[in-house]
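Reading through the C-alpha cells given below for one structure.
Positions are given from 1 along the sequence.
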Amino acid sequence: MRKNKLREMISRREAIVCGWLSIPSAYLAEGAGHQGYDCVAVDLQHGMLGFECAVHMLQAISSTPAVPIVRSPSSEAEGIMHLLDAGAYGVICPMVSTKEDAISLVSACNYAPIGTRSFGPARGKLYGGADYFKQANEEILVIPMIETAEGLANIDAILSVPGVDMIYVGPNDLALALGEEPGAESGESKTTTAIAHILERANQAGVPVGIFCSSAQMAKQRIAEGFALVTPGNDFALVTKGMSDAVVQSRAVGA
C-alpha cells in the first residue's frame with residue numbers, strides 16, 4: 001500500500017502544512033496539490049460541495065505530491081466509510097466531544113478487528129494499492145476535531161482513545177462555545193487559554209495537534225508553539241485575497 005507520508009512526517013516531528021478546499025473544483029484541487037502543501041483537505045462540512053464532487057477532487061489531489069484527506073460532514077459512520085472508500089488517506093471529524101465519540105470515529109475508520117469499517121475500498125484501493133485492505137488500518141489517519149466546550153472538558157479522555165492519531169483544533173467554533181466571537185484565538189481570551197491547554201494535554205499524551213489558522217502568519221506562530229499540522233486559511237479566503245490585492249495594485253499604477 002502507498003505509504004502515508006503524513007505519518008512519516010509526524011514520526012520525524014516535521015511540521016505539516018495542510019491546504020483546505022471549500023470550492024467545488026477538481027481543477028483548483030489539482031492546482032492546490034502542486035503548491036507545496038503536504039496534504040490537501042476537502043471540506044464536506046462547510047465547503048460548498050457534496051460527495052460526488054469530493055470524489056473528483058480527491059482524484060485530482062491524488063495526481064499531485066499532496067496527501068488527499070477530508071473533513072467529514074459529520075461523525076456519521078456510513079459517510080466516513082464512504083469517503084475512505086473514495087480514497088481519503090485521513091479523516092478530520094467535526095464536533096467530537098466525548099470519549100465515546102472518539103471511539104466511534106476510530107471504529108468507523110478501521111477494518112476489523114480494530115473497527116467496524118465495511119469492506120468495499122473501491123477507489124481507495126486504486127490509490128492505495130493492491131494490498132490496501134491489509135495495510136489501511138496502519139496508514140489512514142484518524143483525526144477528531146476539538147471545538148466544543150464539552151470536547152475541551154473531555155480532552156484527556158479523548159486523547160486516551162487508542163487509534164486517535166492526531167487531534168485538530170477548530171478555533172472559531174471553540175470560541176463560540178466559550179462565549180466569544182470567531183477570531184478570538186489571538187491575544188488574551190478564553191479561547192487562547194483553551195487552545196494552549198489542549199496543546200499541553202496532547203503533548204503530555206504524546207498525540208500530535210493540528211489547527212486551522214486565519215493566515216500564514218498565524219500558521220507560522222502555531223508551528224513555533226509546537227503544533228504538528230497547520231492550515232493557513234482556506235481556498236476561498238486565499239483566492240479572494242489575491243483578487244483583492246490585484247485590484248488594489250492595479251488601481252495604484254501611476255499613483
Side-chain angles (χ1 to χ4, degrees), residues 6 9 15-74 83 86-92 94 143 145 147 168-176 180-187 189 191-192 195 210-225 227-255:
L6 302 183
M9 293 181 71
I16 297 166
V17 180
C18 177
W20 199 268
L21 302 178
S22 63
I23 299 171
S25 169
Y27 182 33
L28 180 58
E30 183 179 20
H34 283 294
Q35 299 314 306
Y37 291 117
D38 301 300
C39 58
V40 175
V42 179
D43 182 7
L44 285 95
Q45 184 192 22
H46 290 302
M48 301 294 104
L49 56 102
F51 177 78
E52 288 77 11
C53 184
V55 173
H56 295 311
M57 294 169 74
L58 289 169
Q59 289 173 314
I61 297 164
S62 296
S63 70
T64 77
V67 176
I69 66 174
V70 296
R71 175 161 69 172
S72 60
S74 71
L83 290 166
Y89 251 44
V91 176
I92 299 173
I143 310 172
M145 286 192 74
E147 52 184 346
Y168 188 91
V169 179
N172 291 324
D173 275 321
L174 185 59
L176 290 174
E180 297 179 330
E181 294 185 0
E185 76 273 17
S186 58
S189 67
T191 307
T192 299
I195 291 172
I211 189 168
F212 190 88
C213 305
S214 57
S215 66
Q217 182 179 2
M218 178 60 76
K220 184 176 180 180
Q221 175 186 320
R222 294 304 190 192
I223 290 173
E225 291 171 355
F227 285 86
L229 180 149
V230 294
T231 306
N234 71 4
D235 53 353
F236 184 80
L238 292 170
V239 168
T240 53
K241 176 65 165 58
M243 291 177 175
S244 176
D245 288 347
V247 172
V248 170
Q249 292 171 23
S250 297
R251 296 192 189 283
V253 173

Shortest non-hydrogen contact between [X] and [Y], atoms and distance:
X    : Y    : result
A219 : V230 : O-CG1, 3.7 Å
P232 : Y37  : CG-CE2, 4.4 Å
P73  : L83  : CD-CD1, 4.0 Å

Name the atoms and distances for all side-chain donor-acceptor pairs under 3.5 Å in residues 16-27, with sequence neighbours left out.
unit_1 : atom_1 : unit_2 : atom_2 : d
W20    : NE1    : D43    : OD2    : 3.2
S22    : OG     : D235   : OD1    : 2.7
S25    : OG     : Y27    : N      : 3.4
S25    : OG     : L28    : N      : 3.0

A175: what forms a side chain to side chain contact (heavy atoms under 4.5 Å, CB included) with it, not counting sequence neighbours?
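A175 satisfies side chain to side chain contact (heavy atoms under 4.5 Å, CB included) with E180, A184, T191 only.
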Residues in side chain to side chain contact (heavy atoms under 4.5 Å, CB included) with P65, at least two apart?
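Once residues adjacent in sequence are excluded, the partners of P65 under the side chain to side chain contact (heavy atoms under 4.5 Å, CB included) criterion are H34.
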Can you list the residues that meet the side chain to side chain donor-acceptor pair (under 3.5 Å) rule with [X], with sequence neighbours excluded?
X    : answer
S72  : none
Q45  : R71
Y168 : T231
S189 : T192

Straight-line distance of [X] [atom1] to [Y] [atom2], nearest 0.5 Å:
X    : Y    : atom1 : atom2 : value
L238 : K241 : CG    : NZ    : 9.5 Å
I211 : E147 : CD1   : CD    : 11.5 Å
N234 : S214 : CG    : OG    : 11.5 Å
F212 : N172 : CZ    : CG    : 7.5 Å

Going through the checks in order, is the side chain to side chain contact (heavy atoms under 4.5 Å, CB included) test met by M145 and V169?
CA-CA 6 Å; M145 286 192 74; V169 179; over 6 Å; no
Check against side chain to side chain contact (heavy atoms under 4.5 Å, CB included), V67 and I69
CA-CA 6 Å; V67 176; I69 66 174; 4.1 Å; yes
Measuring only between side-chain heavy atoms, which start at C-beta, is [X] closer than 4.5 Å to [Y]?
X   : Y    : answer
V42 : L58  : yes
V91 : I143 : no
C39 : L229 : yes

Taking only residues two or more places apart in sequence, or in another chain, which ones meet K220 in a salt bridge (Lys or Arg N to Asp or Glu O under 4.0 Å)?
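Result, salt bridge (Lys or Arg N to Asp or Glu O under 4.0 Å) vs K220: none returned.
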Strictly distance-based, threshold 3.5 Å: is any side-chain N or O of T240 a donor or acceptor partner for the main-chain N or O of F236?
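Side chain of T240 to backbone of F236, a donor-acceptor pair under 3.5 Å: yes, one is there.
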Can you run down the salt bridge (charged side-chain N to carboxylate O under 4.0 Å, His left out) pairs that involve residues 15-38, sequence neighbours left out, and say none if there aren't any?
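The answer is none; no pair qualifies.
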Which residue pairs pass the salt bridge (charged side-chain N to carboxylate O under 4.0 Å, His left out) test when at least one of the two sits in residues 52-64, sequence neighbours left out?
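Checked against salt bridge (charged side-chain N to carboxylate O under 4.0 Å, His left out) - neighbours excluded - no pair reaches residues 52-64.
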Can E225 and Q221 be counted as having a side-chain donor-acceptor contact under 3.5 angstrom?
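There is such a pair between these side chains.
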My understanding is that only one of V40, V70, L49 makes a side chain to side chain contact (heavy atoms under 4.5 Å, CB included) with M57; could you say which?
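For M57, the side chain to side chain contact (heavy atoms under 4.5 Å, CB included) check succeeds only for L49.
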